[in-house]
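Structure record follows, encoded as structure tokens.
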Amino acid sequence: MSVQVAVNGYGTIGKRVADAVTLQPDMELLGVAKTSPNHEADLAVENGYPLYAAVEERVELFDEAGIELAGEVEELVAAADVVVDACPSGIGAENRSLYEAHDTPAIYQGGEDADIVDVSFVARANYGAATGADHVRVVSCNTTGLSRLLAPLEEAYGVEKARVTLVRRGGDPAQTGRGPINDILPNPVSLPSHHGPDVNTIFPDLDIDTLGLKVPATLMHTHSVNVTLEASPDAADVVNLLDEGDRTFLIPPEHGIDGAGALKEYAMDRGRPRADIWENCIWGESITVEDDDLYLFQAVHQESDVVPENIDAIRAVTGTADAAESVARTNETLGVGF
Ligand code: NAD
């Protein structure tokens with residue numbers, strides 16, 4: 001019997017997770033809940049996704065827009081085996097009591113505080129910790145990207161200290177409210193940025209300092225990474241190690257991909273839905289080891305790297321597959337791994 005999945009909050013992350021759920025042989029998308037009758041709501045109905053009103057007072061807005069509703073969010077949550085909450089930051093915490101009232105396990109996103117959940121989640125690092133949990137948080141795009149990188153490094157060499165400068169996109173392509181912009185902001189101006197402590201929700205003992213900058217770009221985040229290892233591997237060994245993972249993509253030098261714009265073009269050429277890039281994109285030529293210090297650049301696509309993680313979190317929470325099975329199934333159905 002398929003796991004019945006509800007998606008509450010149908011925006012940038014929610015619509016991607018909903019589409020990904022429909023590709024899983026062991027899951028069924030029971031419905032999606034939304035607050036506004038915009039073009040995404042229109043498409044959800046066109047796709048055959050039962051659409052529920054997330055806020056009772058807004059039902060009439062859907063009626064006025066001629067968009068057919070299947071009901072209200074409470075019915076959806078009550079009927080689901082698990083709900084993925086992809087509401088704006090902070091709303092997930094407000095929704096928690098709704099999920100508890102119906103005894104429906106919930107998966108939240110990285111904009112929520114870690115202390116509202118039992119477990120923060122990255123499949124590569126701590127899948128098992130979410131098994132059977134009622135409240136799980138798929139960490140942010142940046143924390144997901146850093147954790148996927150640090151997990152194999154920690155296992156293979158041991159990490160003494162990680163130092164990361166995150167060059168962050170100013171907004172997502174459709175976030176017009178964040179622009180027009182032309183600036184470069186230390187963000188936050190004081191150290192650390194929230195990303196290091198967030199990585200510590202996945203690796204509690206890891207020594208990591210992070211700094212953040214925001215730039216006027218919408219395509220991807222870029223990380224400048226320095227990891228002091230407990231061993232001194234050859235750069236070629238690190239390349240091989242990171243090349244082995246399906247969710248770490250070593251950009252082949254001969255592809256001539258020199259930035260986030262070229263990466264997005266690559267994703268479009270490869271027919272990726274919404275030009276999504278689920279993998280960490282690591283420039284192989286940047287991988288340098290000086291004594292025990294590793295340096296590299298990677299880019300992460302903020303709108304999509306957490307999507308496979310949400311699918312794995314659904315299986316972890318419902319106990320329907322172990323880590324290896326789930327990750328393999330998610331990768332295969334989505335087409336993760338260039
Ligand atoms: P978004 O604004 O694109 O989408 C959120 C959706 O939720 C919107 O459609 C909004 O109308 C709807 N909504 C608002 N209030 C609601 C309510 N009470 N009930 C149901 N739906 C409601 O936001 P997003 O970018 O998809 O972010 C969602 C979460 O994912 C946040 O926690 C965010 O931090 C996290 N996240 C975002 C990104 C990213 O780059 N966009 C990356 C990783 C994680």
Side-chain angles (χ1 to χ4, degrees), residues 6-20 31-44 49 51-59 61-62 65 67 69 71-77 80 83-99 106-114 116-117 120-122 135-148 166 168-178 194-195 198 201 214 217-222 260 274-278 280 299-310 313:
V7 176
N8 187 19
Y10 191 74
T12 306
I13 301 298
K15 65 186 176 186
R16 288 172 164 84
V17 172
D19 288 353
V32 302
K34 241 192 114 36
T35 42
S36 40
N38 66 357
H39 69 97
E40 288 160 328
D42 209 31
L43 188 59
Y49 301 169
L51 178 68
Y52 291 77
V55 181
E56 194 183 344
E57 305 81 67
R58 298 178 71 101
V59 168
L61 295 180
F62 286 86
I67 295 178
L69 289 171
E72 292 181 29
V73 67
E74 197 151 352
E75 301 162 58
L76 177 64
V77 170
V83 56
V84 176
D85 184 296
C87 291
S89 305
I91 307 282
E94 292 173 15
N95 288 338
R96 195 186 136 120
S97 55
L98 169 69
Y99 309 142
I107 294 162
Y108 305 85
Q109 306 305 312
E112 303 303 324
D113 288 342
I116 74 153
V117 295
S120 290
F121 180 88
V122 175
H135 302 278
V136 171
R137 181 179 73 117
V138 170
V139 293
S140 74
C141 46
N142 281 311
T143 305
T144 297
L146 289 174
S147 300
R148 279 182 189 160
L166 300 100
R168 303 165 60 197
R169 58 90 179 99
D172 292 342
Q175 276 180 308
T176 47
R178 295 205 184 177
H194 70 273
H195 307 93
D198 205 31
T201 67
K214 268 193 188 177
T218 62
L219 299 175
M220 298 178 82
H221 300 294
T222 303
R274 301 185 175 93
D276 282 349
I277 305 175
W278 303 294
N280 288 25
V300 299
H301 183 220
Q302 71 279 358
E303 296 170 286
S304 67
D305 73 334
V306 298
V307 172
E309 305 297 326
N310 272 275

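Whatever order the structure lists them in is the order used to number ligands and atoms, beginning at 1. In what follows, every heavy atom counts, from backbone to side chain, and hydrogens, waters and symmetry copies are set aside. Start at 1 with the first residue, then count along the sequence.
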Between atom NZ of Lys214 and atom CZ of Arg169, what is the distance when rounded to the nearest 0.5 Å? 7.5 Å
What residue and heavy atom of the protein are closest to atom 5 (C) of ligand 1, and at what distance? Ala86 O, 3.5 Å
With sequence neighbours excluded, tell me which residues meet side-chain contact (heavy atoms from CB on, under 4.5 Å) with Ala6. Leu76, Ala80, Val83
min-distance protein heavy atom vs atom 42 (C) of ligand 1 -> Gln302 O, 3.0 Å
Could you find the nearest protein heavy atom to atom 19 (N) of ligand 1 and give me its residue, atom name and distance? Ala54 CB, 3.3 Å
Which of the numbered atoms in ligand 1 are under 4.0 angstrom from any heavy atom belonging to Gln109? 29 (C), 30 (O), 32 (O), 35 (C)
Sorted by chain and number, sequence neighbours left out, side-chain contact (heavy atoms from CB on, under 4.5 Å) with Pro88 holds for Ile91
Find all atoms of ligand 1 within a distance of less than 4.0 Å from any non-hydrogen atom belonging to Cys87, and give their numbers and elements. 7 (O), 16 (C), 17 (C), 19 (N), 20 (C), 21 (N), 22 (C), 28 (C), 29 (C), 31 (C), 32 (O)
With a cut-off of 4.0 Å, which atoms of ligand 1 are near a heavy atom of Ile91? 17 (C), 18 (N)
Taking heavy atoms and a distance under 4.0 Å, where does Thr12 meet ligand 1: side chain, backbone, both or neither? both
Considering only heavy atoms from C-beta outward, does the side chain of Gln109 approach that of Val84 to under 4.5 Å? yes
Does any non-hydrogen side-chain atom of Val300 lie less than 4.5 Å from one of Thr144? no
Ligand-residue contact atoms, ligand 1 with Lys34, heavy atoms, under 4.0 Å: 9 (O)
the protein heavy atom lying closest to atom 14 (C) of ligand 1 turns out to be Pro88 CD, 3.3 Å
Say whether Val55, considering both its backbone and side-chain N or O atoms, lies within less than 3.5 Å of an N or O atom on ligand 1. no
Tell me which protein heavy atom sits closest to atom 12 (C) of ligand 1, plus the residue, atom name and distance to 0.1 Å. Thr35 OG1, 3.7 Å
Residue part near ligand 1, for Tyr10, under 4.0 Å between non-hydrogen atoms: backbone
Can you measure from NE2 (His135) to CD1 (Ile107) and round to the nearest 0.5 angstrom? 11.5 Å
Distance below 4.0 Å between atom 23 (O) of ligand 1 and any protein heavy atom? no
Side chain or backbone, does Glu303 bring an N or O within less than 3.5 Å of an N or O on ligand 1? no
Just to confirm my output: which protein heavy-atom neighbour is closest to atom 37 (C) of ligand 1, and how far is it? Ile13 CG1, 3.7 Å
When you compare ligand 1 with Arg169, is there at least one nitrogen or oxygen pair between them that comes in under 3.5 angstrom? yes
What protein heavy atom lies closest to atom 4 (O) of ligand 1? Include the residue and the distance to one decimal. Gly11 CA, 3.3 Å
closest protein heavy atom to atom 43 (C) of ligand 1 is Cys141 N, 3.7 Å
Rounded distance [0.5 Å steps], OG in Ser140 versus NE2 in His194: 5.0 Å
Which one holds for Glu40 and ligand 1: side chain close, backbone close, both close, or neither close, with close meaning a heavy atom under 4.0 Å? neither
Parallel, tilted or perpendicular, as decided by the 30° and 60° cut-offs, for the rings of Tyr10 and Tyr49: perpendicular
Regarding Arg274 and Glu303, does a basic nitrogen lie under 4.0 Å from an acidic carboxylate oxygen? no
Can you tell me how far the CG atom of Asn280 sits from the SG atom of Cys141, to the nearest 0.5 Å? 11.0 Å
Report yes if the side chains of His195 and His221 come closer than 4.5 Å at any heavy-atom pair, otherwise no. no
Could you check whether Ser120 and Arg137, counting side-chain N and O atoms only, form a donor-acceptor pair closer than 3.5 Å? yes
